[in-house]
Number of protein chains: 2
Amino acid sequence: MITTKNCIIRLSRYKNALYRLQALGFVKFFSDNLADAVGVTAAVVRKDFSVFGISGNKKGGYQIETLLEKLNSILGKDRLQKVVVIGAGHIGSALMRYRGFEKEGIKIAAGFDIDPSKVNRSSPVPILPLEEIKGFIKSHGIKIAVLTVPDIAAQEVVDIISASGIKGVLNFAPLRLKSPEGCIINNVNLEIELENLIYFVNVMEKTK
Amino acid sequence: MITTKNCIIRLSRYKNALYRLQALGFVKFFSDNLADAVGVTAAVVRKDFSVFGISGNKKGGYQIETLLEKLNSILGKDRLQKVVVIGAGHIGSALMRYRGFEKEGIKIAAGFDIDPSKVNRSSPVPILPLEEIKGFIKSHGIKIAVLTVPDIAAQEVVDIISASGIKGVLNFAPLRLKSPEGCIINNVNLEIELENLIYFVNVMEKTK
DNA sequence: CCCTTATTGTGAAAAATATAACATTATGAT
DNA sequence: ATCATAATGTTATATTTTTCACAATAAGGG
Ligand SMILES: NC(=O)c1ccc[n+]([C@@H]2O[C@H](COP(=O)([O-])OP(=O)(O)OC[C@H]3O[C@@H](n4cnc5c(N)ncnc54)[C@H](O)[C@@H]3O)[C@@H](O)[C@H]2O)c1
Ligand SMILES: NC(=O)c1ccc[n+]([C@@H]2O[C@H](COP(=O)([O-])OP(=O)(O)OC[C@H]3O[C@@H](n4cnc5c(N)ncnc54)[C@H](O)[C@@H]3O)[C@@H](O)[C@H]2O)c1
C-alpha cells in the first residue's frame, strides 16, 4: 500500500495507543476513542483505516485485538526486524543499550565502528570492526542501519553500506546525505529539532 | 512571524547549507543553488523568503552573509540559547557530552536527575538533583528542556517543569504527553522513526 | 418486527501546501 | 543609452491533506 510518511506515523501511534487501551482492559474501541488517544480527529482515523481496507462494525466499533493484528502486519511487526548501528560513540552506544526497541520487535543485531578500541564481540550487542559489515549484512539479511558516525564520515559510510545491501538508513549526522539508488534515508536532526522549538517558544513569548 | 513547522525546518536547512556554501568560498547565491543544496525547489526558497520579508537582487541573487544574519536572527541564533536536560541516563548523557550543540549556539546549562548517584556538580555539564530545577530555571531564565526520563516519569516531569517556567520540551519518551497551557512539546520518537523506515523499506522490496 | 440511535465509511468541501508562471527589474554587453 | 538576459517576487494554479457531512447500516429496545 502506497501512502505518506505521516499516515504511517499515525498507524504507529494508533498501534501504541491500542496497546495502552488494551492494557486498561478495553477490548473494542470507536474511532473517536482512538482519535482522542492519538490527538487527531475521528475522521482521520477512519480515513487512514479505509486506505488500508480496515473496517469495523457500524455501531459496534473495532475489535482492539483484530486491529492490532492488522496494524502489526502492515508495520512489519509480525516478525523480528534486525538492524545494525554504525558508529559506537555516545549516541550509538545509548541506542545499543536501550531495551525499548526489543519490546517493539526491533533487534539491534550488531554495532560497527572504525575504531578498533570500540570493538567488543562479547557485549550484549556485539561491536564489530567496520570491515565485517558487508559480510554481516549479507549473512543476516539486514536491510536497515542506524548511522551514528561523525558527519564527515556519514556519506562515505552510506555509500559503503548501501552497496552492501542496506535499503534504509536512520541518519543522526546533521547533514543531508545523497541517497544511493534504492536506499531510503530518514534523518533525526536534533540540532534542527531544538532550533525549531527555540523559534516557536520565542515567537510565543513575543506575541504574548 | 507565524508560519508552519516545516517552513522553520527549511530555514534551519537553508542556514546550514549557506554555511557550507560560504565555507566553499561563495559570497552570493541564487534561489536554485540553495534549493539544490537543501533538496527543495527554487520556488519554495523564494516563497519562504518572502514570508519573512527577505529579499535579494533581481539578477544578482542573495548575499550569503546578509542572509545568514537574517536567518540567524529569525531562528534566535544571534544569542546563546540555554537549555536543560532532564534525565541523565543513556541518552541524556550522550546529549550532554555532545559538542555539536555549542557550535549551534545552544548550551546545555545543566542536567537533572532524580537519582542522587547521577549528581555531579563538577562535570562539564553539571548534573544536579531534580529538586533544584525550579530555582535553576528561574535564575538562568531557561525556557527549553530536553526530556530524557523513563516514559512513566515523563508526564509528571513535564507538569513540574512547565509550572517552573519551561515553555518548550523536546521529549524522547515514546508516548504522547499532555502539554500544559503555554508549553510546546515536540517529540523525538525513535521507535516510530525506525518503524517508519522499516515499513517503507518493506514496501519497496515488495513492489520491486 | 419495526423504530430509534450510534457509528461507520466515503464522497464532497475546505484548507493548506507546493508548484508553476510570469511580469518586473537589475545587470552587463553592445 | 538601449537592449537582451537572468533572476527575483508574487500571483495564479494545482495538488495534497484535512475536515466536514451524511447516507448506510448494525444493534438493541419496545
Ligand atoms: N551525541 C549526541 O547527542 C548527538 C546529537 C546530535 C547529533 N549527533 C550526531 O550523531 C553522530 C554521532 O555522534 P556521537 O556524539 O555519538 O559521536 P562520537 O564521536 O561519540 O561517536 C562517533 C563514533 O563513530 C565512529 N566512527 C568514525 N568514523 C567511522 C566510520 N567511517 N565508520 C564507522 N564508525 C566510525 C567513531 O570511532 C566513534 O566511535 C554525529 O554525526 C553527531 O553529529 C550526536
Ligand atoms: N536510550 C535510547 O537509545 C532511547 C531510544 C529511544 C527512546 N528513549 C527514551 O528516552 C528516555 C530515556 O532513555 P534512557 O535509555 O536514557 O533511560 P535511562 O534509564 O538510561 O535514563 C533515565 C534517567 O532518568 C532518571 N529519572 C528517572 N525518573 C526521573 C525523574 N522523575 N526526574 C528526573 N530524572 C529521572 C533516571 O535516574 C535515569 O538516570 C526513555 O523515555 C526512553 O524510552 C531512549
Side-chain angles (χ1 to χ4, degrees), chain A residues 1-14 17-18 21 26-71 74 176 192 196 199-200 203, chain B residues 1-14 17-18 21 26-71 74 176 192 196 199-200 203:
Chain A
M1 190 60 56
I2 190 81
T3 179
T4 64
K5 181 168 179 183
N6 277 340
C7 176
I8 302 303
I9 288 177
R10 285 195 299 270
L11 293 195
S12 287
R13 298 211 167 114
Y14 298 154
L18 288 179
L21 287 176
F26 290 92
V27 299
K28 68 173 190 175
F29 69 98
F30 304 116
S31 54
D32 61 342
N33 301 147
L34 188 57
D36 285 351
V38 169
V40 298
T41 65
V44 171
V45 171
R46 296 203 299 272
K47 246 308 159 49
D48 286 339
F49 283 4
S50 92
V51 168
F52 288 92
I54 294 173
S55 58
N57 298 324
K58 291 200 164 68
K59 193 141 186 195
Y62 307 82
Q63 297 298 314
I64 291 183
E65 203 172 322
T66 321
L67 240 292
L68 278 174
E69 266 169 34
K70 287 189 183 171
L71 291 175
I74 291 167
R176 179 151 292 256
I192 287 186
N196 205 262
Y199 173 83
F200 284 104
V203 165
Chain B
M1 190 60 57
I2 189 82
T3 178
T4 65
K5 181 169 180 186
N6 278 339
C7 176
I8 302 303
I9 288 177
R10 286 195 299 268
L11 293 196
S12 287
R13 298 212 165 114
Y14 299 153
L18 288 179
L21 288 175
F26 290 92
V27 300
K28 68 173 192 176
F29 69 97
F30 303 115
S31 54
D32 59 344
N33 302 146
L34 187 57
D36 285 351
V38 169
V40 298
T41 65
V44 171
V45 171
R46 298 204 297 274
K47 205 73 191 285
D48 286 340
F49 283 4
S50 94
V51 169
F52 288 93
I54 294 173
S55 57
N57 297 325
K58 290 199 164 66
K59 190 143 187 195
Y62 308 81
Q63 298 297 314
I64 291 183
E65 203 172 323
T66 322
L67 240 290
L68 278 173
E69 267 169 33
K70 288 190 184 171
L71 290 175
I74 291 165
R176 179 150 291 255
I192 286 186
N196 205 262
Y199 174 83
F200 284 104
V203 166

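Each chain gets a letter, A, B and so on, in the order the sequences are listed, and its residues count up from 1. The figures here come from the full heavy-atom set of this structure, side chains too, leaving out hydrogens, waters and symmetry mates.
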### Side-chain N,O (Arg10(B)) to OP1/OP2 (dA18(C)) below 4.0 Å
yes
#### Entry: Distance, nearest 0.5 Å, that separates CG of Leu11(B) from CD1 of Ile54(B)
6.5 Å
### Query
Can you tell which of dG9(C), dA20(C), dT8(D) lies closest to the side chain of Tyr62(B)?
dT8(D)
### Query
5'-most contact on DNA chain C: Ser50(A) or Gly60(A), nearest heavy atom basis?
Gly60(A)
### Message
Rounded to whole Å, how long is the line connecting atom CG of Asn6(A) with atom P of dA18(C)?
### Response
11 Å
### Query
Just how far, in rounded Å, is P of dT8(D) from CZ of Phe52(B)?
19 Å
### Euclidean distance, atom CD1 of residue Ile54(B) to atom C1' of dA7(D) [Å, nearest integer]
17 Å
### Task
Please evaluate the base of dA26(C) for a donor-acceptor partner in the side chain of Lys59(B) within a cut-off of under 3.5 Å?
no
### Query
If you measure from CD1 on Ile9(A) to CG on Asn196(B), what distance do you get to the nearest 0.5 Å?
5.0 Å
### Validation row: Phe52(B), Leu71(B) side chains within 4.5 angstrom (heavy atoms)
no
### Query
For DNA chain D, which residues in residues 26-42 of chain A have a heavy atom at a distance below 4.0 Å?
Thr41(A)
### Query
CG/Asp48(A) to OG1/Thr4(A) distance, rounded to the nearest 0.5 angstrom?
8.0 Å
### Message
For dT10(D), does the base pair up with any side-chain atom of Lys47(B) as donor and acceptor (N or O, under 3.5 Å, distance only)?
### Response
no
### Task
Look at all strands and tell whether Phe49(A) reaches a base, only sugar-phosphate, or nothing, counting heavy atoms closer than 4.0 Å.
nothing
### Message
Run Asp36(A) and Phe29(A) through side chain to side chain contact (heavy atoms under 4.5 Å, CB included) and show every step you take.
### Response
CA-CA 11 Å; Asp36(A) 285 351; Phe29(A) 69 98; over 6 Å; no
### Message
To the nearest 10°, give me the bend of the helix from dC1(C)-dG30(D) to dT30(C)-dA1(D), comparing the axes of its five terminal pairs at either end.
### Response
0°
### Message
For the SG atom of Cys7(B) and the NZ atom of Lys47(B), what is their distance to the nearest 0.5 Å?
### Response
10.5 Å
### Query
How far does CD1 of Ile8(A) sit from OG1 of Thr3(A), to the nearest 0.5 angstrom?
5.5 Å
### Task
Compare side-chain N and O positions of Arg46(B) against OP1 and OP2 of dA20(C) and report whether any pair is under 4.0 Å apart.
no
### Query
Atom CG in Asn33(A), atom NZ in Lys28(A): separation rounded to 0.5 Å?
9.5 Å
## Note on the structure
Of Asn57(B) and Ala43(A), the one whose closest nucleotide on DNA chain D sits nearer the 5' end is Asn57(B)
### side chain to side chain donor-acceptor pair (under 3.5 Å): pairs with one or both residues in residues 49-65 of chain B, sequence neighbours excluded
none
### Task
Please confirm whether any donor atom in the side chain of Lys58(A) sits under 3.5 Å from an acceptor in the base of dT25(D), or the reverse.
no
